[in-house]
Amino acid sequence: MKYTEEHEWLRADGDVYVVGITEHATTQLGDLVFVELPEVGAVVSKDDEIVVIESVKAASDIMAPVDGEITEVNTDLADDPSLANSDPLGKGWFFKIKPSDASQVDGLMDEAAYNELIG
Amino acid sequence: MSDLKQTPLHALHVALGAKMVPFAGYDMPVQYELGVMKEHQHTRAKAGLFDVSHMGQVIVRGATYEAAARGLESLVPVDVLGLGKNRQRYGFFTNADGGIEDDLMLANRGDHVFVVVNAACKDTDIAHMKAALEPDVAVTEITDRALLALQGPAAEGVLGALDPRAAEMRFMDVATLDLNGVEVWVSRSGYTGEDGYEISVPTAAAVDIAKALLEHPDVEAIGLGARDSLRLEAGLCLYDHDIDANTTPVEGGLTWAIQKVRRTGGDREGGFPGAGIILSEIGSGAVRKRVGLLPAGRAPMREGVTLFASEDETDPIGTITSGGFGPTVGGPVAMGYITAEFAALGTTIFGELRGKRQPLTVAKMPFTAANFKR
């Protein structure tokens, strides 16, 4: 697993990465009530705001963790945003991305570094 | 941080695992461990306990109830004089332009009027009342009492178990009750759209009474987050958001709170700040109106979203003043001000969300059925 400073996790799945948000993030955000996912096939750049999430409290954005192409999105999550709260590392995934430059993934944090970040 | 005031229940909130945030100068619980969604649902299903001690509690006392009531009627467009003994009523302070300076509750407690005002406005409100009413009528802020709200369908059973007289009260009744030997001032009212009570408790007994209420299996502590979503679903205004010094009661859809006796042709017509503007607006209708709005999609539309008549019209017709996800409704709900010609129920308008126009329908409020014990 790799992590971003924006509290996303990335898990390798063949030549693509599954991306979601961490339990720390969902705890901070509170109950999610709305998720707007990117289009499948969209070519995105690192730090593009590609997902909108809304909790009971506020709206926030999720940014592309790396440059790449969106290969799949979790439509179940759009139908039931609470999956991100109940199962953030499993059924609550957001999208799959095929990185255009795999070295960008290598530059992300590992679990130890992420745990240090969130203290 | 250290400038924030604390209510008598502050340590209890922290002990209960509350997430504390600054609100109106106080360090207040926004949510507890249940989280906003479950706290909201628990209040609608059973009962929630809210700390509203940050609000201002004020005793307005003249030689007689009538003297105090007449004094207050010079500041609010409400029938205070005709309020029955042990009855409560909603009202607001108006300004010379017909705007709303704050909204409040007024109760006839026999020989005085008991007034509850918003936390953020209380210093201004008290100064405003003192300037207008003293020395003939005394305006005294009560600083040695906490204020709790117990809201939800189980509230009657919970409070009634401590003093059976609680169960006999009707919506908007007030009474002095005895909770475990402590004298409390209770009103059967609240701000969630549910049946319930607001309970003024001596500071020294506040923690014990809160704990006694929380001991009941039906009661959970509820934070400001759920308080906001509950009042929004109930169609109730949050001062400084849905009503303010630049909105009139008629625009705000609060004409119902101005009794006939204070309106044109009434025995005590006018006599409050902005009366000319407000009374003529009751006759002619307001140019803009506060309405309920249901966004068509799942995306919440929050305060500040600009509203348009169509997908391509460039001139706005209004703005959302409160909006979010309604846990009981199961979708987004909002309220806002729009030009009166678009205010008919069922009208489709558009809100601009992240650069895209999304449809909303003008809808009846409350969004959830009120559950008062009338």
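In this text, all values refer to a predicted model and were calculated from it rather than measured experimentally. Naming: A, B, ... by sequence-line order, numbering from 1 per chain.
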Engineer: With sequence neighbours excluded, what pairs up with A:Ala113 under the side-chain contact (heavy atoms from CB on, under 4.5 Å) test?
Structural biologist: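 Once residues adjacent in sequence are excluded, the partners of A:Ala113 under the side-chain contact (heavy atoms from CB on, under 4.5 Å) criterion are A:Met109, A:Asp110.
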Engineer: Applying a criterion of heavy atom separation less than 4.5 Å, what residues of residues 300-319 of chain B form contacts with chain A?
Structural biologist: B:Pro300, B:Arg302
Engineer: Could you look at A:Asp61 and say if it's the side chain, the backbone, both or neither that has a heavy atom under 4.5 Å from chain B?
Structural biologist: neither
Engineer: With sequence neighbours left out, write down each residue that passes side-chain contact (heavy atoms from CB on, under 4.5 Å) with B:Leu34, or none if nothing qualifies.
Structural biologist: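 side-chain contact (heavy atoms from CB on, under 4.5 Å) check on B:Leu34 returns B:Lys38, B:Glu39, B:Glu220.
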Engineer: Please indicate whether A:Glu23 has more than 12 foreign heavy atoms, meaning atoms of other residues, nucleotides or ligands, lying under 6.0 Å from its CD.
Structural biologist: no
Engineer: Where do B:Arg298 and A:Pro81 come nearest, in terms of heavy atoms and distance?
Structural biologist: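 Scanning both residues completely, I find the closest heavy atoms to be NH2-CD, 3.2 Å.
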Engineer: Heavy-atom distances under 4.5 Å only: say whether A:Ser82 touches chain B with side chain, backbone, both or neither.
Structural biologist: neither
Engineer: Which atom pairs, one a donor and one an acceptor, fall under 3.5 Å between side chains of residues 28-37 of chain A and the rest of the protein, sequence neighbours left out?
Structural biologist:
| unit_1 | atom_1 | unit_2 | atom_2 | d |
| --- | --- | --- | --- | --- |
| A:Asp31 | OD2 | B:Met37 | N | 3.2 |

Engineer: Tell me, side chain or backbone of A:Ala58 under 4.5 Å from chain B's heavy atoms, or both, or neither?
Structural biologist: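 The answer is the backbone of A:Ala58.
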